[in-house]
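By convention in this document, chain letters (A, B, ...) are assigned in the order of the sequence lines, proteins followed by strands, and residues within each chain are numbered from 1. Reckoned from all heavy atoms, side chains included, excluding hydrogens, waters and symmetry mates.
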Amino acid sequence: MENILNELNAGQRAAVEYCNGPQLVIAGAGSGKTRVLTYKIAYLLERGLAPWNILALTFTNKAAREMKERIGRLVGQDSAVRLQMGTFHSVFARILRVEAEHIGFSGNFTIYDQADARSLVKSIIKEMQLDDKTYKANSVADRISMAKNHLLLPAQYQTSSWARDDVQRKLPLVGQIYNRYVERCRQANAMDFDDLLVQTFVLLRNHEDIRQKYVNRFQYVLVDEYQDTNYAQQEIVLLLTREHGHVCVVGDDAQSIYSFRGANIDNILNFQKMYDGAKLFKLEQNYRSTQLIVKAANSLIRKNERQIHKDVFSENEQGERLTLKPAYSDKEEAMIVCNDIRRIRRQEGAAYSDFAILYRTNAQSRSFEEQMRKDSIPYRIYGGLSFYQRKEIKDVIAYFRVVANPDDEEALRRIINYPTRGIGDTTVGKIAATAQLHGVSLWKVIQQPIVFGLKLAGSTMTKIEAFKALVEGWRQRLDSEDAYVLGHSIIMESGISKDIYSSKNPEDLSRQENLEEFLGGMQDFVESRREEGREQETALSDFLQEVALLTDLDSDDDKDQPKVALMTIHAAKGLEFPTVFVVGLEENIFPSPMSTGSMRDLEEERRLLYVAITRAEKHCFLTCAQNRFRYGRMECDTPSRFIKDIDPSLLRVEGNGTVGGRSGASGLSGLGGYSGFGGRSGFGGNLGRNVQNPRPVATQFVADPKPRLMPLRRETPLPQSAIGDIGLKEGNVIEHQRFGIGTVVKVEGSGENTKATVAFKNAGTKQLLLKFAKYTIVG
DNA sequence: CACGTCACTGTTTTT
DNA sequence: CAGTGACGTG
């Protein structure tokens with residue numbers, strides 16, 4: 001342990017060693033925040049705390065995974081995997097599944113994503129016959145979400161200042177919509193993202209015995225990125241820690257950028273008031289960036305009023321100033337960036353993965369994508385439309401959701417007539433009205449149409465009966481078949497595969513690929529869990545749980561091929577790159593025109609730029625374009641006001657260099673094109689199957705007369721010889737079917753239950769049940 | 001009821 | 001420029 005502590009500086013070490021009470025660690029950008037958290041957890045484990053008694057809450061799944069990985073290296077995998085670590089949402093979703101009955105849900109509840117939430121709000125607005133121009137589904141949904149993040153339930157909402165605001169804004173009925181929304185979620189046995197927090201809070205607040213149970217379980221609670229927690233999250237942490245005070249929160253108020261999601265910077269500013277005797281630690285030495293980058297970032301953030309004072313400094317080399325490169329157009333902006341990438345690669349031998357292009361909005365990725373394709377620069381776009389938000393995937397998932405929880409209204413509506421089976425809007429409307437009348441889910445009405453007095457033509461009724469039978473058939477197989485087998489049948493029997501594979505529409509080819517990809521991901525999921533000895537958790541509902549909270553950012557992609565990273569600044573939080581391009585520094589983009597109203601909003605935008613700049617280790621370039629293609633037309637923009645906020649002596653402006661001719665007209669649209677599948681990733685994390693970078697859509701001239709879904713891959717039990725007598729030993733190098741090359745660290749158990757711990761080069765360390773693992777020994 | 005066409009509208013960031 | 005909703009026809 002001593003040698004571990006020696007790897008920390010004095011400030012970090014003090015933060016790690018203090019375990020006597022509430023603790024706030026203000027960690028400047030690049031100051032080793034994650035390091036402190038991981039070492040602190042390792043320290044707690046060394047001092048005898050059991051891993052399952054430690055709760056560590058992170059902001060992204062990725063952060064949790066990486067931290068687990070790092071702790072595993074410090075203290076060993078066995079104990080690292082037992083840590084309670086994950087995002088607020090995923091950890092509490094797991095708890096809520098266990099405790100669901102106490103709050104009037106059942107354990108198989110669906111998690112509504114923001115699209116589901118929006119669509120539900122939309123139908124409620126319609127049902128209430130409100131004008132959808134005044135009551136915009138989007139903004140009403142946002143308002144509801146905001147209320148939930150403030151733990152304002154419908155009952156209190158009506159009498160709160162929120163309701164009075166609504167009246168002023170001429171939207172007096174938002175409260176009623178909210179009320180109905182909550183009712184409908186309950187009927188559907190569904191929770192939205194915010195409910196995962198709200199319901200956890202309600203559970204802990206209303207059931208002292210349950211709260212005690214978790215207070216006893218989580219003897220030490222650590223929270224990462226505390227500046228981005230909202231009121232609900234703060235209160236939950238408080239409910240879990242207020243007695244023992246074993247709580248350590250880490251964050252940087254200067255990097256608080258999620259207020260649109262309810263994050264409240266006051267949580268971190270007021271932490272010491274919340275917890276008596278909370279001790280403050282500051283980490284101010286930046287190990288990431290050159291001195292000039294740190295200074296430039298400091299000069300920018302100094303313009304903000306609300307902050308905890310700190311002096312972030314770097315002892316790295318001085319480095320170069322930031323460079324601002326104005327461009328004539330968004331196209332030229334992309335060319336400039338690509339040129340610089342090539343130049344720096346040449347001059348410094350940098351890898352493509354050493355570069356990141358960061359932008360304010362996802363839509364800005366386009367011009368860069370096009371340019372990088374032209375220049376054959378490999379890239380990967382993070383975020384944006386994630387794999388399973390694609391239509392064809394959402395459809396399949398909707399089927400799964402209905403099978404796991406038929407009360408799920410949003411999913412049911414989505415699939416009841418897809419593929420078309422003669423149950424149209426009119427019919428669905430009648431079912432919905434009947435359901436509404438009796439306060440039950442659509443499925444209940446479908447199950448017992450006569451009981452609820454559903455009036456339909458005989459022929460329509462037959463179709464509904466058929467649909468019902470279909471779903472019930474699958475439901476019976478829910479417990480006996482694994483996700484892959486059942487999922488495959490659902491795709492075949494629902495008619496989805498017929499719909500997608502019978503079409504001659506060339507665009508459907510990428511839908512087919514996506515479907516294959518998805519199915520492959522399910523197979524991997526099932527196999528992975530088997531290999532990890534979690535045979536009991538391979539059902540369709542387990543798969544759904546995994547997938548519901550996964551983000552595009554979570555996919556590991558193939559790390560072997562280095563790629564330039566393209567992402568929003570929000571998505572870049574916590575990451576670092578040798579060279580960073582912060583693009584689109586223009587008024588009307590950055591700051592976002594939506595955020596120029598109040599000082600508070602504007603300060604958050606400024607923090608956002610601060611986050612962007614502090615991602616850079618060596619080079620930081622800023623770009624802005626004079627003309628930009630937006631809403632289908634060319635628009636004119638002035639440089640961002642934030643540029644003036646950076647100390648001019650730390651910023652070099654590189655002349656209006658016109659880069660190359662304005663050649664090439666409008667890009668790649670003519671040439672056969674690429675599938676939308678693009679540089680985006682396929683599946684997330686452990687579901688991981690890797691998709692190669694832009695893959696041209698196969699120009700298949702002769703269509704297979706009967707194209708169809710790949711056949712069900714039956715489990716092929718490994719030949720018995722592969723199990724016992726091969727004698728896998730520590731130090732062996734194996735090549736695993738999915739995880740690639742890895743070294744065997746440990747072998748335990750015998751016969752059937754032989755388990756190996758393998759450190760993979762690219763996939764991290766895994767424990768594999770050899771009975772199921774698919775690998776060959778290569779050394 | 002299904003499907004095609006046409007006009008409209010909205011665009012920040014995400015667990 | 002997309003993605004969505006409304007409308008008309010088969």
Side-chain angles (χ1 to χ4, degrees), chain A residues 57-64 86-93 111-115 117-119 122 126 132-133 136-139 141-142 145 148-149 191-198 225 228-230 232-233 256-263 358-366 382-386 389 391 416-429 456-457 459-460 463 548-554 567-573 584 588-597 601 604-605 607-609 611-612 628-635 666-667 669 676 684:
Chain A
L57 297 167
T58 60
F59 199 69
T60 61
N61 297 306
K62 189 177 175 214
T87 61
F88 277 86
H89 293 83
S90 68
V91 168
F92 296 144
I111 297 174
Y112 276 177
D113 65 19
Q114 72 295 353
R118 222 191 70 215
S119 135
K122 202 174 221 168
K126 215 172 209 167
D132 60 0
K133 301 236 159 37
K136 308 243 188 205
N138 258 329
S139 55
D142 280 353
S145 165
K148 287 187 176 185
N149 287 323
M191 295 196 200
D192 64 21
F193 284 139
D194 306 309
D195 284 329
L196 297 177
L197 306 176
V198 174
E225 308 282 13
D228 286 320
T229 53
N230 58 38
Q233 291 166 321
S256 166
I257 54 174
Y258 277 95
S259 72
F260 68 93
R261 216 172 76 186
L358 308 182
Y359 34 78
R360 180 65 181 82
T361 67
N362 280 305
Q364 288 168 259
S365 68
R366 236 191 136 119
Y382 294 78
L385 197 53
S386 84
Q389 282 173 329
K391 269 200 208 76
I416 193 164
N417 201 30
Y418 170 76
T420 51
R421 51 172 70 86
I423 307 177
D425 290 346
T426 341
T427 309
V428 176
L456 286 175
S459 63
T460 314
K463 290 169 185 159
L549 294 170
L550 223 49
T551 323
D552 193 42
L553 295 172
D554 295 327
M567 64 186 100
T568 63
I569 300 167
H570 283 90
K573 192 164 79 147
N588 288 324
I589 290 192
F590 199 176
S592 159
M594 319 296 287
S595 307
T596 49
D601 288 347
E604 175 150 319
E605 294 281 316
R607 289 194 293 270
L608 197 53
L609 181 55
V611 169
R628 184 174 290 278
F629 203 63
R630 275 162 93 203
Y631 326 125
R633 69 139 63 78
M634 221 31 158
E635 297 209 334
S666 57
S669 34

Are A:D194 and A:S145 close enough, and set up right, to give a side chain to side chain donor-acceptor pair (under 3.5 Å), and what steps lead you there? CA-CA 6 Å; A:D194 306 309; A:S145 165; 3.0 Å; yes
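- The nucleotide whose nearest atom lies closest to any side-chain atom of A:F629 is, among B:dT13, B:dT15, C:dC1, C:dC1.
- A:K463 comes within contact range of no nucleotide atom at all, as no heavy-atom separation falls under 4.0 Å.
- Checking the phosphate oxygens (OP1, OP2) of B:dT11, a side-chain nitrogen or oxygen of A:N138 falls inside 4.0 Å.
- Contact annotation: A:K126 side-chain N/O to C:dG5 OP1/OP2 distance is not under 4.0 Å.
- Between C:dA2 and A:R366, a contact under 4.0 Å exists linking OP1 or OP2 to a side-chain N or O.
- With a 4.5 Å cut-off on side-chain heavy atoms, A:F88 and A:L196 do not count as touching.
- Distances shorter than 4.0 Å separate none of the side-chain N or O atoms of A:S595 from OP1 or OP2 on B:dT12.
- A salt bridge between A:E635 and A:R630 is present, with a side-chain N of the basic residue lying under 4.0 Å from a carboxylate O of the acidic one.
- Set against C:dG5, B:dA2, B:dT14, the side chain of A:N417 has B:dA2 as its closest nucleotide.
- The phosphate of B:dT13 (OP1 or OP2) has a side-chain N or O of A:N362 nearer than 4.0 angstrom.
- Contact annotation: A:N230 side-chain N/O to B:dT15 OP1/OP2 distance is not under 4.0 Å.
- Closest approach to the A:T420 side chain among B:dC3, C:dT4, B:dT12 is made by B:dC3 (side chain taken as heavy atoms from C-beta onward).
- A stacked arrangement is assigned to A:F260 and the six-membered base ring of B:dT13, with a centre-to-centre distance below 5.5 Å and an interplanar angle below 30°.
- Using a 4.0 Å cut-off between charged nitrogen and carboxylate oxygen, A:K148 and A:D192 count as a salt-bridge pair.
- Set against B:dT15, C:dT4, B:dG10, the side chain of A:K136 has B:dG10 as its closest nucleotide.
- Place A:L608 and A:K133 on DNA chain B by their nearest nucleotides, and A:K133 ends up nearer the 5' end.
- Between C:dT4 and B:dT13, the distance separating the two C1' atoms is 23 Å to the nearest Å.
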